[in-house]
Amino acid sequence: MWGKADTGELLAGIIDKNAFVKYDGRTKAYYTHNIFTGFLKEALAQKDARHKNDLYQRAAGWFRRTGDYSASRRYYYDCGDFDGVLFTLEEDKSNDFTDANKELLKKYMTECPHEVKVRHHYAMLIYAMHLFVHNERELFHKTCTEFSENMEMDECLDSEVRNRLLGELELLLSFAEFNDLKKMSARHQKAWELLNQPTAIYD
C-alpha cells in the first residue's frame, strides 16, 4: 500500500510514536484502535476521487495477491475497475457460496458495463454457476443467454478456446436438465466433445 522501499522504517516509527497502532508478534499483524480508524476514514473521505481510487486500486491488488478475492473484488468495485472484479472471479472461481456473496456478485454484475463482460467469458460462466447453486433460475438462464450472445460477437477467439467455452456452457446447462436424464446425458456428451478435457470451471 505504501509503495516505497522504507515500509519497515515507517511502521517502526508509527508504533514507537503512536499508541493507536499495535503490532502482534504472534499473528504478525498490525492493529489500529477504533478511534484512529475512524479518524483515518474521515481523512480519506476528504480526499479527491483520484486519490481514493488510487488507494482502492492498491488495496485491491494487495488482497488479490494474498488470495482474499472477496475483499479484492470489493475494492476493485469501489474504484470502478470492473475488469479487476471479473479477473478475480476468474482466478478464484469464487468458491464462497454464501447468500451475502451471491448478492454482492449480483450487484457487481448488474452494474458491470456490457463492454467489460464481453471480455470475460469465464467470469460469466462462473457467475452463472453461482446463480444455479442459489436457485436463481431466471437470472441463470438470462446470464447463459447473454454469454452465448457474447460468444457469437467475439470474433477474436480461436476455435479451441471457443469450443472449450461452449463445452463449459453445455456442462453448466446440463445441471438445469436434472429432471430429464436423457437431455442431461445429451448435454454431457456434447460437453465432452467440445471440451475434450476436464472442466476448468468446476472442481
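Keep in mind it's a predicted model, so treat the numbers as computed, not measured.
A side-chain donor-acceptor contact under 3.5 Å links Thr66 to the backbone of Trp62. One N or O on the side chain of Thr143 and one on the backbone of Leu139 form a donor-acceptor pair closer than 3.5 Å.
In terms of heavy atoms, Leu89 sits closest to Ala123 at CD2-O, 3.6 Å. Closest heavy-atom contact between Arg74 and Tyr108: CA-OH, 3.4 Å. Contact between Asn150 and Met124 at its shortest, heavy atoms only, is ND2-CE, 4.3 Å. Here the closest non-hydrogen pair linking Asp6 and Trp2 is OD1-NE1, 2.8 Å.
Under the side chain to side chain donor-acceptor pair (under 3.5 Å) criterion, Glu111 pairs with Tyr77, Lys107, not counting sequence neighbours. Residues satisfying the salt bridge (charged side-chain N to carboxylate O under 4.0 Å, His left out) test with Glu149, not counting sequence neighbours, are none. Listed by chain and number, the residues in a side chain to side chain contact (heavy atoms under 4.5 Å, CB included) with Asn179 amount to none (sequence neighbours excluded). For the side chain to side chain donor-acceptor pair (under 3.5 Å) test, residues two or more places apart in sequence or in another chain that qualify with Thr32 are Thr37. With sequence neighbours excluded, no residue forms a ring-ring contact (aromatic ring centres under 6.0 Å, His included) with Tyr122. Residues passing the salt bridge (charged side-chain N to carboxylate O under 4.0 Å, His left out) test with Arg58 are Asp54, sequence neighbours excluded. Residues passing the ring-ring contact (aromatic ring centres under 6.0 Å, His included) test with His120 are Phe87, sequence neighbours excluded. Scanning for ring-ring contact (aromatic ring centres under 6.0 Å, His included) contacts around Tyr31 gives an empty result, with sequence neighbours left out. In this structure Gln197 satisfies the side chain to side chain donor-acceptor pair (under 3.5 Å) test with no other residue, sequence neighbours excluded. Partners of Arg64 under the salt bridge (charged side-chain N to carboxylate O under 4.0 Å, His left out) rule, at least two apart in sequence or in another chain, are Glu91.
Taken from OG in Ser159 to CZ in Arg164, the straight-line distance is 10.0 Å, to the nearest 0.5 Å. Put simply, OG on Ser72 and CG on Asp92 are 9.0 Å apart, with the number rounded to the nearest 0.5 Å. Remark: Asp48 CG to Lys52 NZ distance equals 8.5 Å, nearest 0.5 Å. The OG1 atom of Thr110 lies 9.5 Å from the CD atom of Glu103; values are rounded to the nearest 0.5 Å. For the atom pair CD1 (Ile14) and CD (Glu9), the distance works out to 12.0 Å, reported to the nearest 0.5 Å. For the atom pair Lys28 NZ and Tyr23 OH, the distance stands at 6.5 Å (nearest 0.5 Å).
Under the 4.5 Å side-chain criterion, counting only non-hydrogen atoms from C-beta, His121 is in contact with Leu157. Residues Leu194 and Arg162 fail the side-chain proximity criterion, which asks for heavy atoms closer than 4.5 Å. Between Gln57 and Tyr76 there is a side-chain heavy-atom pair separated by less than 4.5 Å. For the pair Arg73/Asn101, a side-chain contact is recorded, criterion being any heavy-atom separation below 4.5 Å from C-beta on. Contact check for His130 versus Ile126: side-chain heavy atoms found under the 4.5 Å cut-off.
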message = The test is side-chain contact (heavy atoms from CB on, under 4.5 Å); show your working for Phe140 and Met129 and say whether it passes.
response = CA-CA 8 Å; Phe140 164 78; Met129 176 183 67; over 6 Å; no
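Judged as a salt bridge (Lys or Arg N to Asp or Glu O under 4.0 Å), the pairs with a partner in residues 114-136 (not counting sequence neighbours) are, in order, Asp83-Arg119, Lys102-Glu136, Lys106-Glu136, Lys117-Glu146.
In this structure, Tyr56 and Tyr75 have tilted ring planes: the angle between them lies in the 30° to 60° band.
Note on Leu86 and Val118: separate hydrophobic clusters, where clusters join Ile, Leu, Val, Met, Phe, Trp and Tyr whose side-chain heavy atoms are under 4.5 Å apart, directly or indirectly. Follow the hydrophobic side-chain contacts under 4.5 Å out from Val85 and you never reach Phe63; the two are in separate clusters. Note on Phe20 and Phe39: same hydrophobic cluster, where clusters join Ile, Leu, Val, Met, Phe, Trp and Tyr whose side-chain heavy atoms are under 4.5 Å apart, directly or indirectly. Under the 4.5 Å side-chain contact rule for hydrophobic residues, Ile201 and Val133 share a cluster. In the hydrophobic cluster analysis, where Ile, Leu, Val, Met, Phe, Trp and Tyr join through side-chain heavy atoms closer than 4.5 angstrom, Leu10 is grouped together with Leu40.
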Let me check something: any side-chain donor-acceptor pairs from residues 165-177 under 3.5 Å, sequence neighbours excluded? List them with distances.
| from | atom 1 | to | atom 2 | distance (Å) |
| --- | --- | --- | --- | --- |
| Glu168 | OE1 | Thr199 | OG1 | 2.5 |
| Glu168 | OE2 | Thr199 | OG1 | 3.4 |
| Glu168 | OE2 | Ala200 | N | 2.8 |
| Glu170 | OE1 | Arg187 | NH1 | 2.9 |
| Glu170 | OE2 | Arg187 | NH1 | 3.4 |
| Ser174 | OG | Leu171 | O | 2.5 |
| Ser174 | OG | His188 | NE2 | 3.1 |
| Glu177 | OE2 | Arg187 | NE | 3.4 |

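Between Lys142 and Glu138 there is no salt bridge, since no side-chain N of the basic residue sits under 4.0 Å from a carboxylate O of the acidic one.
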